Amino acid sequence: MYHDSNQLPWNMEKKWEDLSPKDWVEIFEDGINEPAKGHKFSECAGDRNYLVSPINGVLKYHRLGNSERTNPEMPFEEAHLILGDVSLALTEAQYHDWIRLLEVIKRYKSYIEVSHLRPVVSVTEGPKLWWNYAAQAALQQKKMCYRLSWAQIQHLSSLRRRYIQLYADSLQELSDSDDTEIRSIERDLDPKVILLWRFLAHAKVESVKSKEEAEQRMLKKNSWFSLGWGSASSDPLQQDVPEGSQTVVNGLSKEEWKALNNILSSQPDEDSVSQSGKDMQNMTQRMVIVSIGQAAARIININETELVCGRFEQLQVSTKFKHRSVYCDLTLKFYGLSAPEGPLCQSVSSKHKANALGACFVYSPVGENLDWRLSATISPCHVTVLMESYNHFLEFMKRSSSVSPTVAFETATALQNKLESATRRAQEQFQTVLEEQSSFALDIDLDAPKIRVPIRTSASSEYDSLFLLDFGNFTLRTEEGRHDNDGQNLYSRFCISGRDIAAFFTDGNSNIQTCDVESSGYGSQLSAYPVTGSACHSYSLVDRCGIVVMVDQIKVPHPCHPSTRVSVQVPTLGIHLSPSIFSLLMELLKILSGTIESSTKLVEDYQAEHAPWSSPDLATEVQILVWRGIGYSVASWQSSYLVLSGLYLYLLESSTSQNYQRCYSMAGKQVYEVPSNSVGGSSSCIALCIRGMDIQQ
């Protein structure tokens, strides 16, 4: 997939609609396949910018016959998809083009919703019609609703019946169908209502056709019985087939189909007879494997300089389907994120952990009293905080937002809503798992990230010191919870254990070398960071320590027991402070606070200039009901400032805030009045919910 920005349209010898499939292949394969010796790319493919570079892959499928299905580890069917290199690249010009395209689509969607209301005459010929159009279009875009009287409901019901009948007649191409009346009815309807009524008309036509076909089958069946009911076949397919062709289906006789089935070994009944029930549980029926050699995604700025590049190597996902169990394994050799200033994040393998990520999920494991089990091993990753790369990315976003502020703002709002929705859904599903008392096991071994922040204390271009934060190693395992007086297990217990957590400063410059920190007494957790010379001069801020956290989450809410219990144990904690460490710590805080202030100022300046709530339809101070804690189990009221502007609802901290806390799209939403006794006697309370949701919820 390629996208050539700022290019003139191609000069084609034929019109697009006159091109043959062969012509299409010649045009679009040019630049993908390598040119023949002595030939060059054409003018169309001379300067091609790929979003997705050409990808080569191999798909292998293997199937065992009945006599070969003896080894439980050999799957009956196996499919293996192998992809070589997957490369994605997005330039700033391409990104701006996509933003403009989304803006055009947004404008077109707004136009198409009211296009049926537009008068067919000019403004000078029918000014009254155009004023009426402006009012109707504005009301429709605002999605304003009115209370309907019984007379209006009766009128709309009769209009629906009439429209469905007219549209069904037009689908059946009846001679007396009237398209003029259909168009006149559609002029006063919402597009979604028109679609709904058309679906009902299609359903009505299909219902009539099904009824007629059933009557025809009954007539044919009666004719068969009249010829000789005693010899009628019990197979309904055979009853509808003429007598001379009952033994032939799609050109093959029954004997040929039987021989073909025997060759393909697709006899599930024979399979189940040949294998005992116990053996079938252990047999692997199907296996699917997807392998990707390496993949990379890059963002290129307006100066044709690579802004950021993320890549990974040797990803493999395999899924085995047994009788009632599913085994899913995932392995990843390497992943990393880099910028022109240097690597930002990259995984580090070791002898004990050869892969950056290894995970195994088992649904209904055989021989275990569990519903599912998840185990994972994660190698450490080295994260470098480079402020120059962060600032370059902010500049990229600022330039992109100025291309189309509306689209950029709506995209950011949609991403925020998706993230909040995914987080909320994950917590709700986790709470559902606990309430359903599903039995599961977690075993996660995580070598946490090791973060380094270069510090420049002088005017020099090189870094004087480094701050290193080692999160050590964490394990997460499930354990048997504590029983109550009746012997019931009310809680699910999670044990989180951490070790080798440390923070310290080192002297160093921007050259990346290898430092053996075992001689400094810090173990081998940190294996690569910038240093000066052959020795590491370290200043410990937090000595290596460990932590144990026990979390008990209740399965079913109980009035006499807390929903969550947390126990934290830190055996020893050593913190060192000195004038030199304090000076370095102040420099670190200055760097971090400056970055936060610059990003916050960027957002505030942008929102102050393009804030969509600057002309609100409604603005008032409110109390918002918020749910916190694991599983949203703790409720409280939070003071906020609510602004309704167009189809979006914004929650701000106060009336003077320059940025919003949350944003909700009103599309597909409905407002309910909440009874005062449901919220502690509040005099006025409303709820915003998805349209069609149960009011009790």
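Small disclaimer: the values here were computed from a predicted structure and weren't measured.
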**Message:** Here's one to test your reading of the geometry: is the NZ or CZ of Arg311 within 45 degrees of the ring axis of Tyr335 and under 6.0 Å from its centre?
**Reply:**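 No, Arg311 does not sit over the ring of Tyr335.
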
Determine yes or no for a side-chain-to-main-chain donor-acceptor pair under 3.5 angstrom, with [X] supplying the side chain and [Y] the backbone.
X: Thr478; Y: Leu442; answer: yes
X: Ser439; Y: Asp371; answer: yes
X: Ser657; Y: Ser654; answer: yes

**Asked** Ile300 and Leu307: side-chain contact (heavy atoms from CB on, under 4.5 Å), yes or no, with the steps?
**Response** CA-CA 5 Å; Ile300 302 171; Leu307 187 66; over 6 Å; no

What is the distance from atom [atom1] of [X] to atom [atom2] of [Y], rounded to the nearest 0.5 Å?
X: Ser375; Y: Leu476; atom1: OG; atom2: CG; answer: 12.0 Å
X: Lys450; Y: Asp500; atom1: NZ; atom2: CG; answer: 8.0 Å
X: Leu370; Y: Ser364; atom1: CG; atom2: OG; answer: 9.5 Å
X: Gln314; Y: Asn355; atom1: CD; atom2: CG; answer: 8.0 Å
X: Leu577; Y: Leu585; atom1: CG; atom2: CG; answer: 7.5 Å
X: Ile496; Y: Ser567; atom1: CD1; atom2: OG; answer: 11.5 Å

If you take all heavy atoms of [X] and [Y], which pair is closest and at what distance?
X: Ala448; Y: Pro380; answer: O-CB, 4.0 Å
X: Cys663; Y: Tyr648; answer: SG-CD2, 3.7 Å
X: Pro571; Y: Gly546; answer: CD-O, 3.5 Å
X: Leu625; Y: Ala635; answer: CD1-CB, 4.2 Å
X: Arg286; Y: Pro75; answer: C-CB, 4.3 Å
X: Ser640; Y: Gln661; answer: OG-OE1, 4.1 Å

**Item:** Set of residues satisfying side-chain hydrogen bond (donor to acceptor under 3.5 Å, both in side chains) with respect to Ser338, sequence neighbours excluded
**Value:**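 Ser338 satisfies side-chain hydrogen bond (donor to acceptor under 3.5 Å, both in side chains) with no other residue.
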
Would you confirm whether the ring centroid of [Y] sits within less than 6.0 angstrom of the ring centroid of [X]?
X: Phe467; Y: Phe505; result: yes
X: Trp372; Y: Phe440; result: yes
X: Tyr327; Y: Tyr363; result: no

Check whether any side-chain heavy atom of [X] lies under 4.5 Å from a side-chain heavy atom of [Y], and answer yes or no.
X: Thr656; Y: Tyr641; result: no
X: Ile501; Y: Asp470; result: no
X: Leu541; Y: Ile581; result: yes
X: Glu78; Y: Ile289; result: yes
X: Thr384; Y: Pro454; result: yes
X: Ile55; Y: Leu83; result: yes
X: Val326; Y: Val362; result: no
X: Leu649; Y: Leu642; result: yes

**Request:** Provide the full list of salt bridge (charged side-chain N to carboxylate O under 4.0 Å, His left out) pairs with a residue in residues 353-362, sequence neighbours left out, each pair given once.
**Result:**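 Listed by first then second residue: Lys353-Asp445, Lys353-Asp447.
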
Salt bridge between [X] and [Y], side-chain N to carboxylate O under 4.0 Å?
X: Glu479; Y: Arg477; answer: no
X: Lys320; Y: Asp329; answer: no
X: Glu306; Y: Arg298; answer: yes

**Message:** Is there a side-chain hydrogen bond (donor to acceptor under 3.5 Å, both in side chains) between Ser583 and Ser580? Walk through the geometry before answering.
**Reply:** CA-CA 5 Å; Ser583 176; Ser580 58; over 6 Å; no

**Request:** Start with the C-alpha gap between Asn473 and Thr475, add the side-chain angles, then the distance that decides, and say whether side-chain contact (heavy atoms from CB on, under 4.5 Å) holds.
**Result:** CA-CA 7 Å; Asn473 175 270; Thr475 59; 3.8 Å; yes

**Request:** For ring pair (Phe, Tyr, Trp, His ring centres under 6.0 Å), just list the numbers for Tyr95 and Phe396, CA-CA rounded to whole Å, side-chain angles, deciding distance to a tenth of an Å, and then say yes or no.
**Result:** CA-CA 10 Å; Tyr95 183 55; Phe396 171 82; 5.6 Å; yes

When you check the side-chain N and O atoms of [X] and [Y], is any donor under 3.5 Å from an acceptor?
X: Gln553; Y: Ser492; result: no
X: Gln316; Y: Thr331; result: no
X: Gln623; Y: Ser639; result: yes
X: Asn301; Y: His392; result: no

**Request:** Determine, stepwise, if the pair Trp98 / Leu51 fulfils side-chain contact (heavy atoms from CB on, under 4.5 Å).
**Result:** CA-CA 12 Å; Trp98 282 100; Leu51 286 171; 3.8 Å; yes

**Message:** Run Arg452 and Val385 through side-chain contact (heavy atoms from CB on, under 4.5 Å) and show every step you take.
**Reply:** CA-CA 6 Å; Arg452 67 187 184 101; Val385 181; over 6 Å; no

**side chain to side chain contact (heavy atoms under 4.5 Å, CB included) partners of Gln346, counting only residues at least two apart** =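 Gln346 satisfies side chain to side chain contact (heavy atoms under 4.5 Å, CB included) with Phe334, Pro343 once adjacent residues are dropped.
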
**Item:** Residues, nucleotides or ligands: over 12 heavy atoms within 6.0 Å of Phe312 CZ
**Value:**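 It does: Phe312 CZ has more than 12 such atoms within range.
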
**Prompt:** Is atom CD of Glu653 surrounded by more than 12 heavy atoms (other residues, nucleotides or ligands) closer than 6.0 Å?
**Reply:**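 Open: at most 12 neighbouring heavy atoms sit under 6.0 Å from CD of Glu653.
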
